[in-house]
Amino acid sequence: MTRHGKNCTAGAVYTYYEKKKDTAVSGYGTQSLRLSKDAIKDFDCCCLSLQPCKNPVVTPEGYLYEKEAILEYILHKKNEIIKQVKAYEKQKNVKKTEKAELAKAAKESKVAAFLEKESTIVSKPLNPFSNKAGEQQPGPSKEPPAAVKPRSLPSFWVPSLTPEAKAADIKKPDKTVYCPMSGKPLRMKDLIAVRFTPVDEKLERIQLITKQERYVCAVTRDVLGNSLPCAVLRPSGAVVTMDCVERLIKPDMLDPITEQRLTEKDIIQLQRGGTGFAGSGVKLEAKESRPVMQA
């Protein structure tokens, strides 16, 4: 293409390339970008630290965590719940005290109103020696006391008249710890230890991490990766491929490592990240919503 074609500004059509370029430069409009393989975690990495697991554990939903990271997360959440419960109990006691004070003030106002009414009543004693029954005898008269006007403060900036913002009500906290990935209840006893079978038993952990192909199926010795569905067997914690589960394990429902009887719940499929070309439960497209200029 000639230089004139590259710098052509007389086109009658606003091309898609020009629109994308102007959107990126102007800072307006929604931009989307497809994630590459480098932005997706591997199947053997922790969902919290995003690093290869040293002591991996898996949840019943198939999410892999480093044991230290997930236990620290659970303890942190429990401490937060304890603080929230204390704040809720404190608020509850304050409301209880306020309600008691309001009830006491209402009772006192009723008593004051009753006494004020009683003080306005004028008694008319009957004189047996008077000729007329309705004639009033001279006696001490009781006049009602003058009503005391509430004292008005001169300025609105006096502290007692300053508007006060009330604290927001604290809702009753939920004492359940939830999984950060699945959002389902998570308990320490639900975590299952995972045992990966390394490609070479002689390699140390640091040497193993630097390799792209680190682990194999415990039965068929197929290399595990994000492109190959795999599962964890609950009794032994061994990681096998789903193809091995369908062909070799499900007909007899026996754990090939410990030879224990299996159920459907004992076969936990691991959640994988993806390969960059296809995702396994992962969205490979990232979007950033920004303001849009409208005419």
Side-chain angles (χ1 to χ4, degrees), residues 35-71 179-184 186 189-284:
L35 302 177
S36 63
K37 184 181 177 182
D38 297 332
I40 302 171
K41 79 174 192 68
D42 290 332
F43 74 99
D44 62 332
C45 291
C46 173
C47 292
L48 289 175
S49 64
L50 305 180
Q51 297 296 323
C53 296
K54 185 178 180 181
N55 296 318
V57 291
V58 69
T59 63
E61 290 77 31
Y63 291 99
L64 196 73
Y65 294 101
E66 175 68 38
K67 188 175 183 179
E68 183 180 353
I70 191 62
L71 292 182
C179 176
M181 296 299 295
S182 64
K184 294 185 178 180
L186 180 65
K189 65 180 183 180
D190 294 335
L191 300 174
I192 303 152
V194 179
R195 295 177 179 83
F196 286 105
T197 305
V199 175
D200 189 356
E201 299 284 351
K202 298 178 182 179
L203 293 177
E204 295 181 1
R205 183 174 178 270
I206 298 176
Q207 296 174 337
L208 198 64
I209 290 173
T210 56
K211 286 196 169 188
Q212 188 173 2
E213 297 177 351
R214 296 190 281 267
Y215 302 109
V216 295
C217 173
V219 179
T220 62
R221 298 292 169 176
D222 293 334
V223 178
L224 302 179
N226 279 10
S227 59
L228 190 64
C230 47
V232 178
L233 304 179
R234 188 190 293 265
S236 62
V239 181
V240 295
T241 61
M242 287 303 296
D243 187 42
C244 173
V245 170
E246 296 294 336
R247 293 187 179 185
L248 303 177
I249 296 176
K250 278 196 173 180
D252 298 327
M253 291 302 285
L254 289 174
D255 190 332
I257 309 300
T258 60
E259 296 185 357
Q260 294 183 13
R261 182 67 61 180
L262 296 175
T263 61
E264 290 293 336
K265 291 184 179 180
D266 292 334
I267 302 172
I268 303 168
Q269 187 170 355
L270 277 179
Q271 301 291 336
R272 300 169 290 139
T275 61
F277 297 100
S280 174
V282 176
K283 293 181 180 179
L284 296 180

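The analysis underlying the following values was restricted to heavy atoms, covering all of them including side chains, and did not include hydrogens, waters or symmetry mates.
In terms of modelled atom types and a separation under 3.5 Å, the side chain of E66 and the main chain of N55 share a donor-acceptor contact. Side chain of D266 to main chain of T263: a donor-acceptor pair is present (N/O by atom type, distance under 3.5 Å, no hydrogens or angles). Judged by distance alone, the side chain of R195 and the main-chain N or O of V239 form no donor-acceptor pair under 3.5 Å.
Nearest approach of V57 to A193, heavy atoms of both residues: CG1-CA, 4.1 Å. Here the closest heavy-atom approach between residue D44 and residue Y215 is recorded as OD2-CE1, 3.2 Å. Contact record, I257 with A238: CG1-CB, 3.9 Å, taken as the closest heavy-atom pair. Residues A231 and I267 come closest through the heavy atom pair CB-CG2, 4.1 Å. Smallest separation of non-hydrogen atoms from P235 and D255: CB-OD2, 3.5 Å.
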Assess the residue pair K250 and V245 against the criterion (side-chain contact (heavy atoms from CB on, under 4.5 Å)); give the C-alpha distance rounded to whole Å, side-chain angles, the decisive distance to 0.1 Å, and a yes or no.
CA-CA 6 Å; K250 278 196 173 180; V245 170; 4.0 Å; yes
Determine, stepwise, if the pair L254 / R261 fulfils side-chain contact (heavy atoms from CB on, under 4.5 Å).
CA-CA 5 Å; L254 289 174; R261 182 67 61 180; 4.0 Å; yes
Evaluation steps, side-chain contact (heavy atoms from CB on, under 4.5 Å), between C53 and L64:
CA-CA 8 Å; C53 296; L64 196 73; 4.0 Å; yes
Step by step, work out the side-chain contact (heavy atoms from CB on, under 4.5 Å) result for L191 and V58.
CA-CA 6 Å; L191 300 174; V58 69; over 6 Å; no
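Counting heavy-atom neighbours within 6.0 Å of E61 CD, excluding the residue itself, gives a total above 12. For K41, the NZ atom is densely surrounded, since the number of other residues' heavy atoms within 6.0 Å is greater than 12.
Test I268, I249, T258, V194 against L233 for side-chain contact (heavy atoms from CB on, under 4.5 Å) and you get one pass: I249.
Annotation: the span from N226 atom CG to F43 atom CZ amounts to 7.0 Å, rounded to 0.5 Å. The distance from atom CG of D200 to atom CD of E213, rounded to the nearest 0.5 Å, is 13.0 Å. Expressed to the nearest 0.5 Å, how far CG of D252 lies from CG of L262 amounts to 10.0 Å. From I192, atom CD1 reaches atom OG1 of T59 across 8.0 Å, with rounding to the nearest 0.5 Å. Note that the CG atom of L228 and the SG atom of C217 stand 8.5 Å from one another [nearest 0.5 Å]. The SG atom of C230 sits 9.0 Å away from the CE atom of M242 when rounded to the nearest 0.5 Å.
Considering only heavy atoms from C-beta on, Y65 stays 4.5 Å or farther from P56 through its side chain. Residues R247 and V219 form no side-chain contact, since every pair of their non-hydrogen atoms from C-beta on lies 4.5 Å or further apart. A 4.5 Å side-chain heavy-atom check between T197 and R221 finds at least one atom pair inside the cut-off. Looking only at side-chain heavy atoms (C-beta outward), M181 and C47 come within less than 4.5 Å of each other.
Using modelled atom types, one finds a donor on one side chain and an acceptor on the other under 3.5 Å when comparing T220 with D222.
Between R214 and D42 a salt bridge is recorded (basic side-chain N to carboxylate O distance below 4.0 Å).
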